[in-house]
Amino acid sequence: MEMKDFDLEDIAQAEVEEIRRNVAFTTLEQIKGWARSNSLWPLLFGLACCAIEMMAVNSSHYDADRMGVFYRGSPRQSDVMIVSGTVTKKMAPLLRRLYDQMAEPKWVIAMGSCATAGGPYVRSYSVVKGVDQIVPVDVYIPGCPPSPVALIYGINKLQEKIRYEAKTGKKVTARG
């Protein structure tokens, strides 16, 4: 609904301007999207050197808590999985099991070139060529290792994606 949808002929012009400044019109879906995007609880899945950069995001210098990002140790309390590091074929079923234990809605961030595409170990027989072969990935963060600022940027992009999906009702990527 917008202001033009209401009959405001009997109200003084100053009061109409006051209403426009102080009343917001939105939908319940947009409020839920805003709340979800500003209270992300990632499941830590640090496998290699990228995990150190992920831990640095919670340091006092970057402080991810101010963005509503609180790291959880249990998949049942998490809605975002940050995969940082090299995923081996032996670790892949465990990663999928943790992903399946997460409640809906859930999102995945692939952090670093190893999680994104296998990294420098891509020709190894035991390395998965990207975590997107195991779980659907929403945001890719390049780098070897990516800086904490890059992870913060990736989290911001995920927040924008969540808000956009809530606003339009359309999924940005196909989920499987």
Any non-hydrogen side-chain atom of Tyr62 less than 4.5 Å from a side-chain atom of Val149? yes

Measure across Met54 and Ser84 and return the closest heavy-atom pair with its distance rounded to 0.1 Å. CE-OG, 3.3 Å

Minimal heavy-atom distance between Glu53 and Ser147, with the atoms involved, is OE1-CA, 4.0 Å

pair Cys114-Pro120: side-chain heavy atoms closer than 4.5 Å: yes

Near Tyr121 OH, under 6.0 Å, is it more than 12 heavy atoms from other residues, nucleotides or ligands? no

What heavy-atom pair brings Ala110 and Val131 nearest, and what distance separates the two atoms? CB-CG1, 3.7 Å

Answer yes when Glu160 and Arg163 have at least one side-chain N-carboxylate O distance shorter than 4.0 Å, and no when they do not. no

Donor-acceptor contact present, side-chain Lys32 to main-chain Ala166, <3.5 Å: no

Apply side-chain contact (heavy atoms from CB on, under 4.5 Å) to Leu43 and Arg72, showing your working. CA-CA 5 Å; Leu43 172 66; Arg72 308 302 299 168; 5.8 Å; no

How long is the gap from NZ on Lys90 to OG on Ser126, to the nearest 0.5 Å? 10.5 Å

Are any of the side-chain heavy atoms of Ile134 and Val87 separated by less than 4.5 Å? yes

Out of curiosity, does Leu98 fall in the hydrophobic cluster containing Leu94 (side-chain heavy atoms, cut-off under 4.5 Å, transitive links)? yes

Rounded to the nearest 0.5 Å, what's the gap from OH on Tyr153 to CD1 on Ile141? Could you check? 10.5 Å

Asp63 and Asn58: CA distance, side-chain angles, deciding distance, side-chain contact (heavy atoms from CB on, under 4.5 Å) verdict: CA-CA 5 Å; Asp63 193 21; Asn58 261 2; 5.8 Å; no

Where is the tightest heavy-atom contact between Trp41 and Asp79, given as atom of each residue plus distance? N-OD1, 2.8 Å

I need the minimum non-hydrogen distance between Val83 and Ala115, along with the two atoms involved. O-CB, 3.5 Å

Under 4.5 Å between side-chain heavy atoms, counting indirect links through other Ile/Leu/Val/Met/Phe/Trp/Tyr residues: same cluster for Met67 and Leu44 or not? yes

Separation of Trp107 CH2 from Glu165 CD (nearest 0.5 Å): 8.0 Å

Taking the side chain as every heavy atom from C-beta outward, state whether Val127 and Lys89 have any pair of such atoms under 4.5 Å apart. no

Is Pro142 close to Thr116 at the side-chain level, that is, under 4.5 Å between some pair of heavy atoms? no

Kindly determine whether Met81 and Met102 satisfy side-chain contact (heavy atoms from CB on, under 4.5 Å), including the steps that lead there. CA-CA 9 Å; Met81 177 184 279; Met102 292 170 59; 4.0 Å; yes

State the CD1-CZ distance between Ile162 and Arg36, to the nearest 0.5 angstrom. 8.5 Å

Would you say the side chain of Leu158 lies within less than 4.5 Å of the side chain of Ile109, judging by non-hydrogen atoms? yes

Give the minimum heavy-atom separation between Leu47 and Thr86, together with the two atoms involved. CD1-O, 3.4 Å

So Thr26 and Trp34, side-chain contact (heavy atoms from CB on, under 4.5 Å) or not? Walk me through it. CA-CA 11 Å; Thr26 188; Trp34 174 81; over 6 Å; no

Nearest 0.5 Å please: distance from the NZ atom of Lys161 over to the CG atom of Asp138. 3.5 Å

Distance in Å, Ser78 OG paired with Phe70 CZ, rounded so as to fall on 0.5 Å steps: 13.0 Å

